[in-house]
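Accompanying notes for the structure given below.
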Amino acid sequence: MGYYTLALDKNPDSMGFSCAEDYKVIDIVDQDSCLKFAHEKCIDGVISPATEYGVLSAAYIAKQLNLPGLHYSVAKTVKNKYL
């Protein structure tokens with residue numbers, strides 16, 4: 001589809017790394033480290049598929065880099081089932 005994909009995971013043996021053009025071993029709940037990587041790579045979009053662990057980081061990156069994405073307050077609700 002013409003996308004250049006990046007992947008992040010704290011597991012250096014992550015299966016997702018084989019599907020990405022570039023990757024880095026970063027814990028996806030570490031919002032500032034994820035943002036730094038996204039900024040270095042000049043990304044155009046961010047998602048956190050198939051897991052809620054990275055949803056806050058994805059929303060944080062989208063907000064900080066002015067990209068379309070889930071609002072941080074909505075991401076917090078997704079993570080907190082009581083909300």
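One is the number of the first residue; the rest follow in order along the sequence. What you see is a predicted model, and the numbers here were worked out from it, not measured in a lab.
The other residues sharing a hydrophobic cluster with Met1 are Tyr3, where clustering joins ILVMFWY side chains under 4.5 Å apart. Phe17 belongs to a hydrophobic cluster with Tyr23, Val25, counting contacts under 4.5 Å between side-chain heavy atoms of Ile, Leu, Val, Met, Phe, Trp and Tyr, direct or through other members.
The side-chain contact (heavy atoms from CB on, under 4.5 Å) check on Lys41 picks up Leu6, Asp22, Phe37, Ile43, with sequence neighbours excluded. Applying the side-chain contact (heavy atoms from CB on, under 4.5 Å) criterion to Asp44, with sequence neighbours excluded, gives no partner residue. For Thr77, the side-chain hydrogen bond (donor to acceptor under 3.5 Å, both in side chains) criterion is met by no residue, not counting sequence neighbours. Applying the side-chain contact (heavy atoms from CB on, under 4.5 Å) test to Ala62 and every residue at least two apart in sequence or in another chain returns Val46, Leu67.
Minimum interatomic distance between Ala59 and Leu70 (heavy atoms only, all atoms of both residues): CB-O, 3.3 Å. The shortest heavy-atom contact between Glu52 and Lys79 is O-CD, 3.0 Å. In terms of heavy atoms, Ala58 sits closest to Ser48 at CB-CB, 4.0 Å.
How far CG of Leu35 is from NZ of Lys63: 12.0 Å, rounded to the nearest 0.5 Å. Rounding to the nearest 0.5 angstrom, the gap separating the NZ atom in Lys36 from the CD1 atom in Ile26 is 8.5 Å. Note that NZ of Lys10 and CD1 of Ile28 are 8.5 Å apart. Values are rounded to the nearest 0.5 Å.
The closest side-chain heavy-atom distance from Lys76 to Leu56 is below 4.5 Å.
With hydrogens and angles disregarded, a donor-acceptor distance shorter than 3.5 Å links the side chain of Ser18 to the backbone of Met15. Remark: the backbone N or O of Asp30 is not paired with any side-chain donor or acceptor of Asp27 at under 3.5 angstrom. When atom types are taken as modelled, the side chain of Ser57 and the backbone of Cys34 share no donor-acceptor pair closer than 3.5 angstrom.
With hydrophobic clusters built from ILVMFWY side chains whose heavy atoms lie under 4.5 angstrom apart, Tyr53 shares a cluster with Leu8. Hydrophobic clustering, with ILVMFWY side chains joined whenever heavy atoms are under 4.5 angstrom apart, groups Val29 together with Ile61.
No side-chain donor-acceptor contact under 3.5 Å links Tyr72 and Gln64.
Counting heavy atoms of neighbouring residues, nucleotides and ligands inside a 6.0 Å radius, atom CG of Asn80 exceeds 12 of them.
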